[in-house]
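Encoded as structure tokens, the structure appears first; notes follow it.
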Amino acid sequence: MTSLRKKSVADEPVTSVLPPSEVPVYTERELDADEEVLAALGYKPEFKREFSLWTSFCVSFAVLGLLPSFASTLYYGMGYAGTPGMVWGWLIAMAFIQCVAMSMAELCSSMPTSGGLYYASAVLAPPGWGPLAAWLTGWSNWLAQVTGAPSVDYAMAAMILSAGAITNPGFVPQNYQVFLLTTLIMLIHGCISSMPTRWIAQFNSYGSSFNIIALCIVLILIPASTNRESQGLPKFTPASQVWGNFYEGTDFPKGVSLLMTFVAVIWTMSGYDAPFHLSEECSNANIAAPRAIVLTSGVGGLFGWFLQLVVAYTVIDIDAVLDSDLGQPWASYLLQVLPQKTALAALSLTIIAAFSMGQGCMVAASRVTFAYARDDCFPCSWWMQRVNRHTRTPVNAVWFNTVIGILMTLLIFGGELAAGALFSIAAVAAFVAFTIPIFIRVFFVGNRFRPGPWHLGKASLPIGVCACAFVALMVPILMLPSVTGSDLDASGMNWTCLVWGAPMLMVTIWWFVDARKWFKGPKVNIAHQMLGREGNVIDGQDKELNDSSSGSDAGKGKD
């Protein structure tokens, strides 16, 4: 016997691409509460909901990967403004990043779907602008997601080879060795990400737990084991120097240099959107997923600042850290302040944590790719949107991202400057994608937004304004080179404007030339009918389920 979901979209706490009068219909079985919310957003259930608040937090905290992220971006945080940039920079940036995270969480509660930011932009944009808003948000977010795992795995491979160079001074890592090791790690992550949801959740739970344990160990190990005193120095650098002695790592004034250090914070903290993309696999999604977003940002910000303080108070020679022959500032720093065996132990913990982080990045990226392919954003979307019948996970999307990531790591052969482009894309592209739907929500939506069960209440508007203002300031700052005038050449250029701007320019041109003719934003894949005047469902003849809801009348009844 056919079961019919009687609730209309208006009865659910969602802001949907479907009109409030629509009634989603799923005939295979009765829907639970989470599936009813997803149906109101226009999608039929396709995943098992085996993520919880804790496991969603674990994935996003693994993607955050505070210890390996800090190790990967130490050059920016320390190199632009020195220790003041680390302690002041992280503290100031985190206050505004928390505003971005809370605004995103509010959107997630109202629209808990894998499409995440892309779906929110389409629904919230003014009439006629939804497809373009979704197009730009989706591509910027996808660029950030698809570069996440390769950038982490590249940094991890460099740390592994640096450890080899420490134990064997005659060994000099070559670019091809870094590339092959990065490729191997990517393939392993692809295999793990293809497993059933329950196994992935367990793996990331263990990995995130190790991340937290490793971070705590390093936070205790460095101040407890530092050999600064044996080098004739006080155990810790005086606070006045840590907080006030700026390192002249750029040609800009101190205030601008301080803002430039934010790239390390932004890149490190860009993983808190993962619960949004995993919401279709999470139970109690419209509450658990936004809580996981805020929890990730808050806990990550606090522990990240502790790590910044530990390093800032113990580093001896910033120039030596940045210019070491090891090619890895974190390894150079550890050798500078710790005995060799202790430094190798801390580096090993960082490497293992980096493996978990890269895995979390791969999982989150595959869900984003699946969601966009479901709406035909990519060539061959029909293949990438398939869910494996055995694992019930988007295996094709996983391996598409794996291949793209391996191809991107060919930038290694272009030198450190080219490889650094992976980090540039991830930082700016994610930040822009995070903020487009928040900007629309704050300045264009008004009463059209229907908050979910987790919301900011009266604080929503001021928090959203702070988030948008911060991003508007930081996007141009993140594209500044460290040198100016006659000293600026290709080796000192900040290529962020090219590695992110060029693909986005091509995507924009593609939109105006062709994509606007066929891309209409999120496509519903569940049948739906229209309510009559008395609140009853009016029988009608369904159209194709995959029609875009904007402009389609799929499943509406006759008057």
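- With values rounded to the nearest 0.5 angstrom, L410 atom CG is found 6.0 Å from L407 atom CG.
- Two residues are said to be in side-chain contact when any heavy atoms from C-beta on lie closer than 4.5 Å; C108 and P290 meet this criterion.
- Between F434 and Y272, the ring centre distance stays below 6.0 Å.
- Interatomic distance, CZ of F370 versus CG of N396, reported as 10.5 Å (0.5 Å rounding).
- If you check the side chains of S460 and E106, you find a donor sitting under 3.5 Å from an acceptor.
- Not one N or O on the side chain of R450 forms a donor-acceptor pair closer than 3.5 Å with the backbone of T15.
- Taking the six-membered ring where the residue is Trp, the centroids of F431 and F470 are separated by under 6.0 Å.
- When the shell of 6.0 Å around CH2 of W129 is examined, it contains 12 or fewer heavy atoms from other residues, nucleotides or ligands.
- Residues T369 and S366 have side chains that never bring a donor and an acceptor to within less than 3.5 angstrom of each other.
- For the residue pair T268 / S69, no side-chain donor-acceptor distance below 3.5 Å is found, with atom types taken as modelled.
- Residue V363 is tested with I192, V398, N401, L278 for a side-chain contact (heavy atoms from CB on, under 4.5 Å); the sole match is L278.
- Side-chain contact between P112 and L41: present, with at least one pair of heavy atoms (C-beta onward) separated by less than 4.5 Å.
- Panel note: side chain S109, backbone N286; a donor-acceptor pair is recorded below 3.5 Å.
- Proximity of a side-chain donor or acceptor of T147 to a complementary backbone N or O of A144 within less than 3.5 Å is detected.
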Test side chain to side chain contact (heavy atoms under 4.5 Å, CB included) applied to S140 and L143, step by step: CA-CA 5 Å; S140 187; L143 284 172; 5.7 Å; no

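- The distance from the CD1 atom of I436 to the SG atom of C468 is 10.5 Å, given to the nearest 0.5 Å.
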Check the pair R49, L38 against side chain to side chain contact (heavy atoms under 4.5 Å, CB included), reporting the backbone distance first and the verdict last. CA-CA 12 Å; R49 292 187 178 267; L38 182 62; 3.8 Å; yes

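- Applying the ring-ring contact (aromatic ring centres under 6.0 Å, His included) test between F519 and each of W135, F512, W139 identifies W135 as the sole match.
- Side-chain atoms of T182 and D153 form no donor-acceptor pair, as typed in the model, at a separation below 3.5 Å.
- A distance of 12.5 Å separates CG of N141 from CG of L136, quoted to the nearest 0.5 Å.
- Proximity of V152 to P68: side-chain heavy atoms (C-beta onward) are nowhere separated by under 4.5 Å.
- Rounding to the nearest 0.5 angstrom, the gap separating the CE atom in M186 from the NE2 atom in H189 is 9.0 Å.
- The pair R367-E280 does not count as a salt bridge, with every side-chain nitrogen at least 4.0 angstrom from each carboxylate oxygen.
- Closest approach of G304 to W90, counting heavy atoms only: CA-CZ2, 3.5 Å.
- Proximity of L187 to I406: side-chain heavy atoms (C-beta onward) are separated by under 4.5 Å at one or more points.
- The CH2 atom of W510 sits 14.5 Å away from the CZ atom of R516 when rounded to the nearest 0.5 Å.
- For R386 (side chain) and A397 (main-chain N/O), no donor-acceptor pair under 3.5 Å exists by modelled atom type.
- For W199, the CH2 atom sits in a loose shell: 12 or fewer heavy atoms of surrounding residues, nucleotides or ligands are nearer than 6.0 Å.
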